[in-house]
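Here is how names work: the chains are called A, B, and so on, in the same order as the sequence lines, proteins then strands, and each is numbered from 1. On a predicted model such as this, the values are computed, not experimentally measured, just so you know.
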Number of protein chains: 2
Amino acid sequence: MMTGFEPHDHVGCIADAMSAAEQRCASRSLRLTAVRRQVLEILLQEHVALGAYDILEHLRLAGFNSQPPVAYRALDFLVTNGFAHKVERLNAFIACSYPGETHSPAFMICRNCDVVAETRSTPVKGSLGAAARSVGFRIERTVVEAEGLCPLCQEEAI
Amino acid sequence: MMTGFEPHDHVGCIADAMSAAEQRCASRSLRLTAVRRQVLEILLQEHVALGAYDILEHLRLAGFNSQPPVAYRALDFLVTNGFAHKVERLNAFIACSYPGETHSPAFMICRNCDVVAETRSTPVKGSLGAAARSVGFRIERTVVEAEGLCPLCQEEAI
DNA sequence: AATGTTATGTAATAATGTATCAACAGGTAA
DNA sequence: TTACCTGTTGATACATTATTACATAACATT
Ligand SMILES: [Zn+2]
Ligand SMILES: [Zn+2]
Ligand SMILES: [Zn+2]
Ligand SMILES: [Zn+2]
């Protein structure tokens with residue numbers, strides 16, 4: 001059930017995510033405008049994280065003549081509403097692999113090929129949560145990212 | 001044993017860290033040069049994360065006429081050798097609270113007052129480690145950061 | 001239609017991070 | 001000593017990432 005490293009039906013993967021986004025926006029009366037839809041599609045094309053300026057390039061190829069704030073706003077919308085995440089380690093963005101389910105994402109980032117896989121994490125249940133409780137820190141959001149080598153790049157490295 | 005949120009002997013906290021750094025550098029034949037020492041002292045002054053350009057300002061106040069690469073190089077040295085960490089969420093750096101012990105750090109970041117507390121994490125033992133094993137991803141380094149409200153800022157918010 | 005709200009367009013700028021190369025200092029080995 | 005190697009520093013320029021500010025446009029409510 002891991003996207004990213006394992007091969008999978010990527011066309012379906014994209015279609016599912018888009019229709020999930022449609023429905024979710026409809027039911028919450030969020031406006032999935034042209035720019036936002038386009039940015040989400042761009043992110044869904046690949047399981048790598050794209051920088052805001054990568055997004056901008058793709059937007060221009062798609063006929064939008066956009067400046068940086070346009071990309072950042074669309075990304076902010078997608079992140080805020082759970083359709084995408086920011087990968088802090090890369091200052092870049094990636095489509096969510098589990099849209100519709102509220103969750104704390106965790107990422108595995110291959111330092112060689114830049115593929116990113118998302119999984120769900122439960123950081124509040126682990127040592128971090130214990131530390132937070134012991135000092136009275138109230139966790140609102142967590143960033144959990146692992147950097148390393150994906151299965152394919154491990155083979156190559158041999 | 002948590003620095004950052006809890007009051008503590010900060011002068012001793014700084015002195016301990018500096019002498020630990022001295023010894024460690026001596027025993028490993030690492031060169032704790034003037035710039036590196038100064039940057040570490042700057043970081044140790046406060047339990048907040050400082051950006052590279054904040055460091056540069058402090059360096060200039062201390063009589064160094066330094067350009068960006070100087071700060072980044074010194075920070076890289078400190079991070080590589082375990083004297084400091086980068087807080088990815090903030091694109092900023094903080095002195096290590098557990099120097100001398102190799103560890104995976106985790107941070108609690110107050111979104112209101114910017115105080116950062118470091119604790120140790122064991123991400124490989126939790127759900128992230130399980131996910132990594134199940135797909136064959138080899139973790140080399142982890143980023144674990146929690147954003148929220150520190151005890152003091154929770155009180156204020158009432 | 002009038003109004004308030006949300007989203008977009010655009011220019012300029014700020015903040016963060018790198019590449020490059022010359023100069024310099026310490027150690028090592030003829 | 002001299003020559004050489006290595007790591008560190010100084011300095012300029014450049015590249016990337018992110019935000020501010022303000023004007024315009026689209027949408028919703030009355
Ligand atoms: Zn997700
Ligand atoms: Zn890889
Ligand atoms: Zn540490
Ligand atoms: Zn606080």
Side-chain angles (χ1 to χ4, degrees), chain A residues 21 25-26 28-40 42-43 48-81 83-94 109 111 114 116 143 145 147, chain B residues 21 25-26 28-40 42-43 48-60 62-81 83-94 109 111 114 143 145 147:
Chain A
C25 283
R28 299 186 174 197
S29 58
L30 298 170
R31 289 157 65 178
L32 189 59
T33 62
V35 185
R36 293 167 175 176
R37 171 190 307 270
Q38 187 69 47
V39 171
L40 181 52
I42 289 167
L43 287 177
V48 300
L50 296 176
Y53 284 74
D54 296 325
I55 302 276
L56 273 174
E57 259 182 52
H58 282 88
L59 275 179
R60 281 169 188 148
L61 290 177
F64 296 78
N65 187 5
S66 299
Q67 300 299 314
V70 173
Y72 282 100
R73 285 173 195 145
L75 289 166
D76 183 61
F77 171 87
L78 296 174
V79 168
T80 298
N81 297 109
F83 303 124
H85 302 289
K86 180 169 188 182
V87 182
E88 300 288 350
R89 180 68 185 73
L90 305 174
N91 291 324
F93 300 83
I94 192 163
I109 307 162
R111 66 167 157 81
D114 292 330
V116 176
V143 173
E145 301 173 3
E147 195 179 344
Chain B
C25 284
R28 297 187 175 195
S29 59
L30 298 170
R31 291 158 64 179
L32 189 59
T33 62
V35 184
R36 293 167 176 176
R37 170 190 307 270
Q38 187 69 48
V39 171
L40 180 53
I42 290 167
L43 288 176
V48 300
L50 296 175
Y53 283 72
D54 295 327
I55 302 276
L56 271 175
E57 261 183 50
H58 280 87
L59 275 178
R60 283 170 186 148
F64 295 77
N65 188 5
S66 299
Q67 301 301 315
V70 173
Y72 281 100
R73 287 193 289 236
L75 288 165
D76 184 59
F77 171 87
L78 294 174
V79 169
T80 298
N81 297 110
F83 303 123
H85 302 289
K86 179 168 190 183
V87 181
E88 300 288 348
R89 179 67 185 72
L90 304 173
N91 290 326
F93 301 82
I94 192 162
I109 307 163
R111 67 167 158 81
D114 293 330
V143 173
E145 300 172 3
E147 195 179 343

Estimated bend of the helix from C/dA1-D/dT30 to C/dA30-D/dT1 (axis per five terminal pairs, rounded to 10 degrees)
20°
Tell me, for nucleotides 10-15 of chain C in 5' to 3' order, what letter each nucleotide earns: B for a base near a protein heavy atom under 4.0 Å, S for only sugar-phosphate near one, - for neither?
BB----
[atom1]/[X] to [atom2]/[Y] distance, rounded to the nearest 0.5 angstrom?
X      : Y     : atom1 : atom2 : result
B/N81  : B/R31 : CG    : CZ    : 13.0 Å
A/T80  : A/L75 : OG1   : CG    : 10.0 Å
B/I55  : B/F64 : CD1   : CZ    : 12.0 Å
B/R36  : B/L30 : CZ    : CG    : 8.0 Å
A/D114 : A/L90 : CG    : CG    : 7.0 Å
B/L32  : B/Q38 : CG    : CD    : 11.0 Å

Minimal non-hydrogen separation, A/L43 against A/A84, with atom names
CD1-CB, 3.9 Å
Minimum heavy-atom distance between B/L56 and B/A71, given as atom pair plus value
CG-CB, 3.8 Å
Is there a side-chain contact between A/K86 and A/N91 (heavy atoms, below 4.5 Å)?
yes
For [X] and [N], give me the distance from atom [atom1] to atom [atom2], rounded to whole Å.
X     : N      : atom1 : atom2 : answer
A/L56 : C/dG9  : CG    : C1'   : 13 Å
A/L30 : C/dA7  : CG    : C1'   : 13 Å
B/D76 : C/dA19 : CG    : P     : 12 Å
B/N91 : C/dG17 : CG    : C1'   : 9 Å
A/F77 : C/dA7  : CZ    : C1'   : 11 Å
B/L75 : C/dT16 : CG    : C1'   : 12 Å
A/L32 : C/dA7  : CG    : C1'   : 13 Å

Under 4.0 Å between a side-chain N or O of A/R36 and OP1 or OP2 of C/dA7?
yes
Donor-acceptor pair, distance only, cut-off 3.5 Å: does the side chain of A/E145 make one with the backbone of A/V87?
no
By nearest heavy atom, map A/A74 and B/R31 onto DNA chain C; which one lands nearer the 5' end?
A/A74
Just say parallel, tilted or perpendicular for the rings of B/F83 and B/F77, cut-offs at 30° and 60°.
tilted
Walking along DNA chain D from 5' to 3', note the first and the last nucleotide with an atom under 4.0 Å from a heavy atom of chain A, and give both.
D/dT17 to D/dC27
When the nearest nucleotide of DNA chain D is assigned to A/K86 and to B/F64 on a heavy-atom basis, which residue is associated with the more 5' position?
B/F64
